[in-house]
Number of protein chains: 2
Amino acid sequence: MKRSAAGKAKGPSLKTVALAAGVSLTTVSNAYNKPEHVSDEVRDMIFAIAREQGYAGPDPAARSLRSRHSGAIGVLFTSQLSYAFSDPYCVELLTGLAEVAEENRISVVLIPLARRVVAPEEEVRRSVEAVRHAVIDGAVADGIDDGHPALQVLLSRGLPLIRSVDNSESHCVMIDEREAGRSVGEYLAGLGHRHVAVVVDHLHEPSSPDEAVEEDELFPYSRLRLAGIREGLAGHGRVTVVAARRNTAASGWVAADAALERADPPTAIVATSDVLALGALEALARRNVPAGAGGVSVVGFDDIPAAAPAGLTTVRQPIREKGRLMGRMLLDSSYTQRRMVLPTQLVTRTSTGPAN
Amino acid sequence: MKRSAAGKAKGPSLKTVALAAGVSLTTVSNAYNKPEHVSDEVRDMIFAIAREQGYAGPDPAARSLRSRHSGAIGVLFTSQLSYAFSDPYCVELLTGLAEVAEENRISVVLIPLARRVVAPEEEVRRSVEAVRHAVIDGAVADGIDDGHPALQVLLSRGLPLIRSVDNSESHCVMIDEREAGRSVGEYLAGLGHRHVAVVVDHLHEPSSPDEAVEEDELFPYSRLRLAGIREGLAGHGRVTVVAARRNTAASGWVAADAALERADPPTAIVATSDVLALGALEALARRNVPAGAGGVSVVGFDDIPAAAPAGLTTVRQPIREKGRLMGRMLLDSSYTQRRMVLPTQLVTRTSTGPAN
DNA sequence: ACGTTCATGTAAAACGATACACAAGGACCG
DNA sequence: CGGTCCTTGTGTATCGTTTTACATGAACGT
């Protein structure tokens with residue numbers, strides 16, 4: 001098994017295999033990609049020689065370059081990957097997307113994005129690079145605000161993009177965020193609530209929950225939900241906005257606690273996500289204030305799996321289905337639809353009741 | 001803004017930009033990749049022309065082909081992606097890995113693998129294809145049994161691979177699964193348990209929990225844990241093995257229930273994962289049998305986040321740290337270590353107590 | 001004034017595969 | 001027997017970069 005050490009020791013390639021097999025480049029390529037175009041004998045012979053040379057099949061990068069597609073799609077996150085996995089909403093969406101990707105035999109590339117508004121220049125540059133370098137055929141971006149430079153790059157690369165916010169320019173799968181908020185406002189107004197605290201998920205991290213909230217800097221969905229809530233309350237009640245530092249139960253706890261601490265505490269707390277709302281429930285529990293009837297009402301959004309066990313009233317949206325649809329819209333060319341609005345539904349549980 | 005329609009309408013490329021800017025290909029390339037090698041003036045000019053042409057920067061596939069690296073690593077799962085996200089162990093591991101990937105500005109490609117032993121031929125072929133086509137610089141494979149064809153492909157592609165099972169041939173970050181099992185066996189023996197049911201996560205789906213379990217077909221970790229448990233009991237007690245169809249609480253419930261239904265019910269149930277163990281707790285609750293002292297003891301493995309709230313006795317392993325280390329071993333070239341064994345620790349909670 | 005270094009920039013050769021157009025030899029058909 | 005397919009293959013031209021090695025002129029110390 002001695003090997004001649006002459007010549008440069010380059011790895012095996014289609015060429016070396018073709019040479020050894022005495023067939024053309026194309027034939028070897030076909031053996032891998034279009035087995036039906038090559039006779040069984042020749043194909044087996046080629047594979048045997050490939051194995052012998054330690055050739056693992058066509059190089060994916062070269063294939064992608066030449067064929068102009070890669071068999072992978074990207075998922076853009078507004079946050080760190082490491083955080084995304086702890087967000088039930090993200091996980092659920094990703095699950096739906098992954099289902100479709102699997103059906104289509106496509107793999108999924110996770111790409112974290114910096115938060116545009118506040119991220120240090122460096123962060124943004126970094127996420128643009130990530131998108132620039134990603135070998136993908138398209139992407140899904142959830143909850144990323146318009147004009148994030150990374151989206152621009154994606155678009156100018158000519159890649160299809162599916163989003164979850166309303167935008168006439170790109171395809172999207174969305175819910176009517178504002179309407180969802182309104183249903184909550186109306187519901188609370190109907191229960192007699194006159195002062196509602198809204199815990200919002202903030203784009204940047206405010207130094208304290210008391211800091212005035214710049215509504216420009218909210219995530220698109222937070223802004224719309226907040227607007228909807230105000231609309232739904234329609235003058236029946238006033239709103240105090242409290243910012244959470246991050247979309248975690250702990251942050252929700254802190255923010256809700258600050259609201260309850262006020263001289264004029266609210267009779268209801270709405271959080272722009274269930275995770276925050278669960279934190280608010282925690283805040284109430286620690287203060288021995290009951291949630292719902294006879295105490296302070298709490299409402300969330302999304303109806304993540306943990307909401308029901310906690311008795312949390314929330315606005316349900318079909319998260320997993322949303323992920324699936326985004327995937328289909330991206331991968332299934334028979335989907336001609338450009339824009340899809342999914343239904344939402346207020347699910348009342350024990351965390352809400354009439355105002356005290 | 002009329003455009004000459006002559007010539008083929010190909011997209012912009014380094015070449016078109018270089019031509020329009022009156023500089024060489026290399027210079028344009030450098031403007032993107034080695035900004036310090038190009039004067040500010042020229043660079044800005046190049047970017048301006050690029051923007052004008054709608055050029056989004058060097059093509060990732062071509063870059064990968066030429067430079068021989070892609071800025072992405074793969075994660076191989078034994079299961080469907082859609083399922084992996086609902087497995088707390090996976091999520092935790094992924095989180096750790098993602099942290100490191102982010103630090104290194106590397107993106108993560110999710111690649112599902114078919115279960116080798118039983119998967120239909122087609123499934124295996126499909127997962128091998130997925131690995132073949134993935135544009136990655138290396139991969140992490142957790143809990144995948146030796147000799148899975150996809151691993152072979154990866155290896156013959158010459159990609160670095162980090163695994164979580166003991167194998168002298170490849171780098172790995174692991175725990176001493178057997179020892180972990182033994183600690184449970186010894187613990188239960190010490191508590192006086194003489195009959196222990198072990199709920200194992202099975203590679204294939206047995207038709208019923210009563211079916212004889214082929215230990216060859218267990219996941220590597222299940223097999224080792226089971227062996228460890230036997231060793232720990234060391235003749236003080238006997239073991240009944242029950243197979244769960246999948247690694248979910250529901251399956252754990254069914255399997256545990258079957259064990260409890262026996263003529264000679266066990267006094268303790270060990271499950272090879274916390275998820276299964278939580279299902280076992282559920283089974284006890286439904287039967288109004290207390291868990292732990294005065295009832296049936298339940299032990300799990302891994303100490304996932306949900307274990308503590310449930311009072312589940314379990315063998316803790318530093319899952320997230322494991323993910324981080326796998327990532328570092330793959331990405332940080334200063335990590336020369338080939339093999340790393342992480343500590344485990346039996347964490348006793350309320351789900352265990354003396355045998356009745 | 002001379003060699004050395006630095007800052008810029010250039011030219012040409014890979015990188016490894018797939019698409020496209022076409023060819024040889026049978027089979028088939030009327 | 002001539003034409004038309006079908007099967008199995010073959011060459012060759014790209015795909016769009018990065019690399020490697022080299023060129024140019026200015027700056028600089030001695």
Side-chain angles (χ1 to χ4, degrees), chain A residues 7-46 50 53-71 129 132-135 137 156-159, chain B residues 7-46 50 53-71 129 132-135 137 156-159:
Chain A
K8 338 183 198 176
K10 280 205 283 192
S13 71
L14 270 197
K15 188 145 85 178
T16 65
V17 173
L19 221 58
V23 297
S24 76
L25 267 182
T26 311
T27 300
V28 180
S29 174
N30 284 340
Y32 284 97
N33 301 315
K34 305 175 185 169
E36 68 279 9
H37 284 20
V38 176
S39 70
D40 291 358
E41 294 173 43
V42 175
R43 184 152 28 88
D44 288 347
M45 190 255 288
I46 289 175
Q53 297 196 354
Y55 179 67
D59 181 283
R63 154 200 285 268
S64 299
L65 170 58
R66 184 63 243 240
S67 69
R68 309 312 298 155
H69 64 78
S70 66
E129 290 287 83
R132 230 202 266 297
H133 293 356
V135 185
D137 300 329
S156 62
R157 272 182 62 184
L159 295 176
Chain B
K8 337 183 200 174
K10 281 201 285 188
S13 70
L14 270 196
K15 187 145 86 178
T16 65
V17 173
L19 220 58
V23 297
S24 75
L25 268 183
T26 312
T27 302
V28 181
S29 173
N30 284 340
Y32 284 97
N33 302 315
K34 304 177 187 168
E36 70 280 9
H37 283 20
V38 175
S39 70
D40 291 359
E41 294 172 44
V42 175
R43 184 152 27 88
D44 289 347
M45 190 254 287
I46 288 175
Q53 296 196 354
Y55 179 67
D59 180 282
R63 156 200 283 271
S64 299
L65 170 57
R66 184 61 242 240
S67 68
R68 310 311 300 156
H69 64 79
S70 67
E129 290 287 82
R132 232 201 263 300
H133 293 357
V135 186
D137 301 330
S156 61
R157 272 182 62 185
L159 295 176

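All chains are named by letter (A, B, ...) in the order of the sequence lines, taking the proteins before the strands, and each is independently numbered beginning at 1. Worth saying up front: this structure is predicted, and the values here are computed from it rather than measured.
A:Thr16 pairs by the side-chain hydrogen bond (donor to acceptor under 3.5 Å, both in side chains) definition with A:Gln53, not counting sequence neighbours. Listed by chain and residue number, nothing satisfies the side-chain hydrogen bond (donor to acceptor under 3.5 Å, both in side chains) test with A:Arg66 (two or more places apart in sequence, or in another chain). Partners of A:Thr27 under the side-chain contact (heavy atoms from CB on, under 4.5 Å) rule, at least two apart in sequence or in another chain, are A:Val23, A:Ser24, A:Val38, A:Val42, A:Ile46. Remark: B:Asp137 pairs with no residue by the salt bridge (Lys or Arg N to Asp or Glu O under 4.0 Å) rule, at least two apart or across chains. Annotation: side-chain contact (heavy atoms from CB on, under 4.5 Å) contacts of B:Ser156 (sequence neighbours excluded): A:Ala56. Residues satisfying the salt bridge (Lys or Arg N to Asp or Glu O under 4.0 Å) test with B:Arg43, not counting sequence neighbours, are B:Asp40.
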Tabulate protein N/O versus nucleotide N/O from nucleotides 25-27 of chain D, keeping only pairs under 3.5 Å, one per line.
none

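Here the C1' atom of nucleotide C:dC20 and the CZ atom of A:Arg68 are 17 Å apart, to the nearest Å. Rounding to whole angstrom units, NE2 of residue B:His69 and C1' of C:dG16 are separated by 16 Å. Taking atom CZ of residue A:Arg43 and atom C1' of nucleotide D:dT8, one finds them 12 Å apart after rounding to whole Å. One interatomic measurement links the two molecules: CG of B:Leu14 to P of C:dA12, which rounds to 17 Å at whole-angstrom precision. Going from atom NE2 of B:His37 over to atom P of D:dT19 covers 11 Å, rounded to whole Å. Rounded to a whole Å, the NZ atom of B:Lys15 is 9 Å from the P atom of D:dT14. Counting to the nearest Å, the P atom of C:dG16 and the CG atom of A:Asn30 are 20 Å from each other. Here D:dT19 presents its C1' atom at 12 Å from CG of B:Leu65, a figure rounded to the nearest Å.
For A:Ser67, taking side-chain heavy atoms from C-beta onward, the closest of the listed nucleotides D:dT17, C:dT10, C:dT18 is C:dT18. Minimum atom distance to the side chain of A:Asp59 is reached by C:dG16, of the listed C:dT18, C:dG16, D:dT19. Closest to the side chain of B:Ser39, from the set C:dT8, C:dA17, C:dC15, is C:dT8.
Using a 4.0 Å heavy-atom criterion, one finds that A:Tyr32 contacts no nucleic acid atom at all.
Among pairs with a residue in residues 14-37 of chain B, none fulfils salt bridge (Lys or Arg N to Asp or Glu O under 4.0 Å), at least two apart in sequence or across chains.
You won't find any donor-acceptor pair under 3.5 Å spanning the side chain of B:Arg63 and the base of D:dT17, going by distance alone. In the interface, the side chain of A:Arg66 is paired with the base of C:dT18 through a donor and an acceptor atom under 3.5 Å apart.
Against DNA chain C, the stretch residues 16-29 of chain A makes heavy-atom approaches under 4.0 Å through A:Thr26, A:Ser29.
Atom CG of A:Asn33 is separated from atom CZ of B:Arg132 by 9.0 Å, given to the nearest 0.5 angstrom.
Looking only at distances, no side-chain donor or acceptor of B:Ser29 sits under 3.5 Å from a matching main-chain atom of B:Leu25.
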